[in-house]
Structures are given as structure tokens and as C-alpha cells.
Amino acid sequence: MVITKSPEYFFECIGCSRVFKEARIYSCPDCGDLLQIRYELGSAKDEFQCSLHQGGGLSVWRYRALLPISSRHVVTIGEGGTGLPRSEQLSQELNLSELYFKNEGQNPTGSFKDRGMTVAITRAVEIGAKSVLCASTGNTSASMAAYAAKAGMKAIVLIPKGKIAKGKLLQASVHGANIVEVKGDFDRALETAKRMAEKRRDLYLVNSINPYRIEGQKTTAFEMWEQLERRVPDYVFVPVGNAGNISAIWKGFKELRELELTERLPKMIGVQASGAAPLANAFMRKMEKVSPWLHPETVASAIRIGAPASWKKAFAAVRESTGTMLKVSDKEITHAQNLLAKREGIFAEPASAASLAGVYKARGSQLITNDRCIVCIITGHGLKDQEAAGSAR
Ligand code: F0G
């Protein structure tokens, strides 16, 4: 695919605001916080507006005017452009006037990760990387393996031994990734991946601490805004694990406002499984920091994470948007998965159904009124995790 011009961008530390022109690093050498990409939005505004008028349908690269890629060729297998079906049955049951599902399971490898991966792997090609690396609860590894295959790169995935869904493992293996099983949970695998990337400059790390990933994933917000006829929802419910996606979607909405395409912003509602809820717990207790959980446990293996790397970005998203964080039990998740399948025709994996479980919780506690426009992010396809689907029947 050929792209035209890239916007001016730079990296900024989310902690001390130090600015970098170029960055292969993922955290600030001064304070250790994560980096984010920022644009000279003035110059990108006209290009972004133009891209909204082009034909060809929705896709991640439709928004290239706000993506940090300068090369002409991008590594794409058709990511983005996912549906936003409107609920009929469940909205009635919940007495909600507008409830939608952003069905990210429709991406090429069956999860939202493809949005970030197309940008991160394109960047990997730009800098001449030959091998890419990630730690994963499953979906990131499946996605990275597919995009690395497309780009002709080596893929190394670190997964917590015995703790990821078989379908995801199969995807990574079919796409030719080198799979390394790490003893312990995802958090341990991510620490190992970070150490490996620090030591070996030939390995390009594409976990969501890599700010290029966030840039691709923010396009979910742009698409929702277009699909709702240039309206932002009142609430966006997002399943939260490592906390990259909620940060990315919020960044997308904020950029729409900076471009003066919307005045309003949605409230971001982060939903965690109650057995893996370090962020939700810290938020509810009004703590400034998130303490890691040593043994997270939930049926939603994709979000079985005890030390969310992007917790600070996620906290900012929820606080700035005056949203909140919720916890839902495995029972509530499985129930929501079942409802999505039986009443809406959407087969979602358990982590994805956490967003709908969150809506039920929010309705039960009167957090949302019935006249609001609500979007649940359905992050990944149910076929990936057939073991869990068995218990949802
Ligand atoms: N839903 C699904 C299906 C996921 O795979 C993930 C994360 C999330 C939600 C949470 O997103 O981490 O950005 O807060 N999966 C990662 C992985 C961790 O390795 O596939 P997040």
C-alpha cells in the first residue's frame, strides 16, 4: 500500500514531559516512565480532513495523516474497518436507547491488536529490524506473528507457560513464530522480553509499551466517530489488561477534539476481571499508584495481568474523561459472553465480553442513565479460546 506524507511528530515522556525527536527506547531515561507520540496537529489537520472524504471504506490507514510512518509502503493485511452493530435485544433488556458493539474480532487475526501491529511492524521495517519480539497472553503473539510473516521477519513470542488459549498459540505457530514458554505469568514474560530487547539491539519489541502500537489502536476511536455519523459516544466500555488499548482509544478521541472535529468526549470505563484487577482496585481506593498483583486469576486469560505496564496512561484516560474503572466476576464475564452470542450473534472471547459485563454492572448501580449512547469494545473473537467457550454454553 502506498502512503503519501507523514505528519511531524515527536516523543514525549508521560511522566516528566521530556521530549525526544527520535526514540528506539520505550521508557524515559530520566524518570523511567513510558513515552507517547505527539503531533504538530496544525499541519496534519487539513490532510486528516481530506482523508475523511476519500472512498474505500474504513481502515487503519485511512487515518495515515495522523500515523507516525514516513515510508511509502506499509505492512497491511486489511486491519480496521470493523463493524459497529447496534444492539436490539440486549439494549431492550437493559432499557438503553443506544448500545453498540465495536466488533474487533473482525480484524485479520481476530483481535484489536492488528490495528497496532500494522503500524509497529511497518515501523520495524522502516528502521531495518529483522526480528520482532513480544510477550503475550495470546492475541499479541498471534497478531505479531502474522504481520512479521507478511513482512518477512523473524518473530519471537514469549508466553506464560500453560496459560494462553490454544487457538492463539496455534495462530502464532502457523504463522511461523518462534514460541518461548516462560515459567510464571504474563508479567514475568514481559519483564523478560524487555530485558532481551535492552540487551539485543537486533530485537524490536512490539508490546504496547511501544508507542507505535498505541497509534494504530487509537484509530478505533476515529472509526467509532465516523460510524456514529461524526458523534462520539457518551460512554466507551473497554476490557483492560495491560492497559494499552484504553489509553489508545482515549488518545484517539482527544486528537479528534484537538482537530476541532468534536467538542465532546466520551467517558472511558475500564473493565477488569475481579481476579486480575490491580487497576480497578487502585482506582476505587483513590490510590495514586497501582500495586502489582502477584497471582492474577480469571477465565479471561487475555487480561490475566497483575502489573499493567500502561497503568499511568489508563489512569489518565479514566480520570481526564471523568469515567471510572469496574470489576466483573468470571461468572459475570461468562454470562455476558453467552448473551453476546445468543442475543447479538457475536462470538467473543471472555476478555472481550468483560465490556458488556461492565455495562450490566453499571446499569445495576445506576452509573449510566437509559438515554446515553454506549459502545462496548469487543476486543477479540471467541473461536480463539474454545476451552473457555465450552463453559459459556
Ligand atoms: N481483550 C483482549 C482479547 C486482549 O487480548 C487484551 C490484551 C485485552 C482485552 C486488554 O488490552 O492489554 O491493551 O489493556 N491482550 C494482550 C496480549 C495483553 O498479549 O494479547 P490491554
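Counting starts at 1 for both ligands and their atoms, in listed order.
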In this structure, atom 7 (C) of ligand 1 is nearest to the protein heavy atom Lys113 NZ, 3.0 Å
*ligand 1 and Ser141, any nitrogen or oxygen pair closer than 3.5 angstrom?*
no
### Query
Taking both backbone and side-chain atoms of Thr140, is any N or O found less than 3.5 Å from an N or O belonging to ligand 1?
yes
**Prompt:** In terms of heavy-atom contacts, does CD of Glu320 have more than 12 from other residues, nucleotides or ligands at under 6.0 Å?
**Reply:** yes
re atom 13 (O) of ligand 1, the protein heavy-atom contact at minimum distance is Asn245 N, 2.8 Å
Once you measure the plane-to-plane angle for Phe237 and Tyr235, does it fall in the parallel (<30°), tilted (30-60°) or perpendicular (>60°) bin?
tilted
Note to self: With no hydrogens and no angle check, just 3.5 Å: does a side-chain donor-acceptor pair link Glu79 and Asn107?
What the structure shows: no
Answer yes or no: is there an ion pair linking Lys194 with Glu191, defined by an N-O contact shorter than 4.0 Å?
-> yes
For atom 18 (C) of ligand 1, the closest protein heavy atom turns out to be Thr137 OG1, 3.4 Å
If we number the atoms of ligand 1 from 1 as shown, the ones under 4.0 Å from a heavy atom of Phe112 are 1 (N), 2 (C), 4 (C), 6 (C), 8 (C), 9 (C), 11 (O)
At under 4.0 Å between heavy atoms, what of Lys168 touches ligand 1? The answer is neither
Fill in: Salt-bridge contact Glu126-Arg123 (side-chain N to carboxylate O under 4.0 Å)
yes
Requested in this report: Examine the side chains of Lys267 and Ser321 and answer whether a donor and an acceptor come within less than 3.5 Å of each other.
Outcome: no
Ligand 1 atoms nearer than 4.0 angstrom to some heavy atom of Ser136 are 17 (C), 19 (O), 20 (O)
Fill in: Polar atom proximity, Ile305 to ligand 1 (N or O, under 3.5 Å)
no
Within 45° cone of Phe112 ring axis and under 6.0 Å: Arg115 NZ or CZ: no
task = For Val238 and ligand 1, answer yes if some heavy atom of the residue is under 4.0 Å from a ligand atom, otherwise no.
result = no
Thr369 meets the side-chain contact (heavy atoms from CB on, under 4.5 Å) criterion, sequence neighbours left out, with Asp371, Arg372
Quick one: does Ser352 get an N or O within less than 3.5 Å of an N or O on ligand 1? no
Nearest non-hydrogen protein atom to atom 4 (C) of ligand 1, with distance, is Ala302 CB, 3.5 Å
CD1 of Ile249 to CD of Glu223, rounded to nearest 0.5 Å, is 10.5 Å
Quick note on ligand 1: atoms under 4.0 Å from a heavy atom of Ile303 include exactly 8 (C), 9 (C), 10 (C)
Sorted by chain and residue number, the ring-ring contact (aromatic ring centres under 6.0 Å, His included) partners of His381 (sequence neighbours excluded) come out as Phe347
> Quick check: does Asn242 get an N/O under 3.5 Å from an N/O on ligand 1?
Replying inline: yes
Does ligand 1 come near enough to Thr379 that some N or O of the ligand is less than 3.5 Å from an N or O of the residue? yes
* Asked: Below 3.5 angstrom, do we get any N/O pair linking Gly244 and ligand 1?
  -> yes
A student checking ligand 1 against Asn139 at a 4.0 Å heavy-atom cut-off should list atoms 2 (C), 3 (C), 4 (C), 5 (O), 20 (O)
Note to self: Between the side chains of Arg257 and Glu260, is the shortest nitrogen-to-carboxylate-oxygen separation below 4.0 Å, so that they form an ion pair?
What the structure shows: no
Numbered in order shown, the ligand 1 atoms found under 4.0 Å of a heavy atom of Val240 are 14 (O)
So do Phe222 and Phe48 actually touch side chain to side chain, heavy atoms under 4.5 Å? yes
Test your reading of the structure: does Gln217 have an N or O sitting under 3.5 Å from an N or O of ligand 1? no
Note: Ala243, heavy atoms under 4.0 Å from ligand 1, region reported as backbone
